[in-house]
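Structure, as structure tokens:
Here is the naming used below: chain letters follow the sequence lines, and residue numbers restart at 1 for every chain.
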Protein chains: 2
Amino acid sequence: MTDRPALSKGETEVARLLWDLGQATVRQVHEALPPERTIDFTTVQTYLRRLDTKGYVDTWLEGRTRVYAPKVQPSTVIRETVGELIERLFGGQTLPLMRHLIEDRGITDDDMAELRRLLDRLEGDQP
Amino acid sequence: MTDRPALSKGETEVARLLWDLGQATVRQVHEALPPERTIDFTTVQTYLRRLDTKGYVDTWLEGRTRVYAPKVQPSTVIRETVGELIERLFGGQTLPLMRHLIEDRGITDDDMAELRRLLDRLEGDQP
DNA sequence: CTGCCTCACGTACACTTGTCCTTGAGCTTG
DNA sequence: CAAGCTCAAGGACAAGTGTACGTGAGGCAG
């Protein structure tokens, strides 16, 4: 299970950027933040350090500068995080969450079509 | 917006029980915990107190015993929590979460059928 | 009435989290 | 070379969280 501690909000925010960037220095992550999100350089540094101690990233010095790269795949974090939420909020049942997504959050026509495609494909897989 | 502080993990756990019970004393919530979840009576008490200070429950003394009842609807908490997660983990996009639920978490045939029903109904609503 | 049980309520305490400050080394440019 | 910039690294610090203990009052069994 390789149990790492779960990611906090801020850590997730930074991890997402790192997934997008593939690999990055503190500065690059800091600059990748959306402009309305003002947060100090050293705060980002702290998040990356914590991601490291929690085992979510690889890191090495490149010259004088430290580079970080994701070690745990987004899919893994997503699985764990969503699983935890379903447990906490829906007692482990997936369907209520789907229902909420479909009924209580607007869903576009495109999304709807895509969803149907997904279902069709799945049903095709298991005859 | 009536902005309450978000619920923590433990608080959510207890809030869910309270939603199920409708209204309950500390003891009742404590006894409603799944048997494998061992947690002290006073810990539950603390969670309920915090739910109160955060504005999520109503509470009153009934004789010598304090009774708690949900004040914020589950749907509200679900909306806020899920919204926050989608923001953090998917940059605000709902579809990737659906995709994850359908593809990466097993979905039963019954759920699948139910999902289709949901979609059909929605589509019927907006011709 | 004396123990014991059960509550409410306050307190505690270590750990996590969001956020930043400080220090000291290397780099750059006048 | 000296002043200023840029990093890494370590600390710091208040708020939030998970978890529980202690105290004191009300009830009930002997």
Atom-pair distance ([atom1] on [X]; [atom2] on [N]), nearest Å:
{"X": "A:Q28", "N": "D:dT6", "atom1": "CD", "atom2": "P", "result": "15 Å"}
{"X": "A:R88", "N": "D:dT17", "atom1": "CZ", "atom2": "P", "result": "11 Å"}
{"X": "B:F41", "N": "C:dC5", "atom1": "CZ", "atom2": "C1'", "result": "12 Å"}
{"X": "B:R66", "N": "C:dT6", "atom1": "CZ", "atom2": "C1'", "result": "16 Å"}
{"X": "B:D52", "N": "C:dC9", "atom1": "CG", "atom2": "P", "result": "10 Å"}
{"X": "B:L33", "N": "D:dA20", "atom1": "CG", "atom2": "P", "result": "11 Å"}
{"X": "B:H30", "N": "D:dT19", "atom1": "NE2", "atom2": "P", "result": "12 Å"}
{"X": "B:L51", "N": "D:dG18", "atom1": "CG", "atom2": "C1'", "result": "14 Å"}

Short side-chain N/O contact to [N] OP1/OP2 from [X], under 4.0 Å:
{"X": "B:Y47", "N": "D:dT19", "answer": "yes"}
{"X": "B:R49", "N": "C:dG10", "answer": "no"}
{"X": "A:K9", "N": "C:dT19", "answer": "no"}
{"X": "B:R50", "N": "D:dA15", "answer": "no"}

Worksheet item: Which residue lies toward the 5' end of DNA chain C, A:I39 or A:A6, if each is placed at its nearest nucleotide?
Response: A:A6
Minimum side-chain heavy-atom gap [X]-[Y] below 4.5 Å:
{"X": "A:I78", "Y": "B:L97", "result": "no"}
{"X": "B:T76", "Y": "B:R79", "result": "yes"}
{"X": "B:L18", "Y": "B:Y56", "result": "no"}

Discussion item. I'd like to know whether A:T25 forms a side-chain contact (heavy atoms from CB on, under 4.5 Å) with A:E62, so could you lay out the CA-CA distance, the side-chain angles of the two residues, the decisive distance to 0.1 Å, and finally the verdict.
Written reply: CA-CA 10 Å; A:T25 64; A:E62 217 157 83; over 6 Å; no
Worksheet, complete the sentence: For residues 87-104 of chain B, the salt bridge (charged side-chain N to carboxylate O under 4.0 Å, His left out) pairs (sequence neighbours left out) are A:E114-B:R99, A:R121-B:E103, B:E84-B:R88
Worksheet entry | Closest listed nucleotide, where the reference is the side chain of B:L61 and the choices are D:dG18, C:dT6, C:dC9 | C:dC9
Protein N or O to nucleotides 21-27 of chain D N or O, pairs below 3.5 Å:
unit_1, atom_1, unit_2, atom_2, d
D:dC21, N4, B:T42, OG1, 3.3

Worksheet item: For A:Q45, does its backbone N or O pair with a side-chain atom of A:T42 as donor and acceptor, under 3.5 Å?
Response: no
Worksheet item: Should A:L48 and A:V67 be regarded as members of a common hydrophobic cluster, given that ILVMFWY residues are connected when their side-chain heavy atoms come within less than 4.5 Å of each other, either directly or indirectly?
Response: no
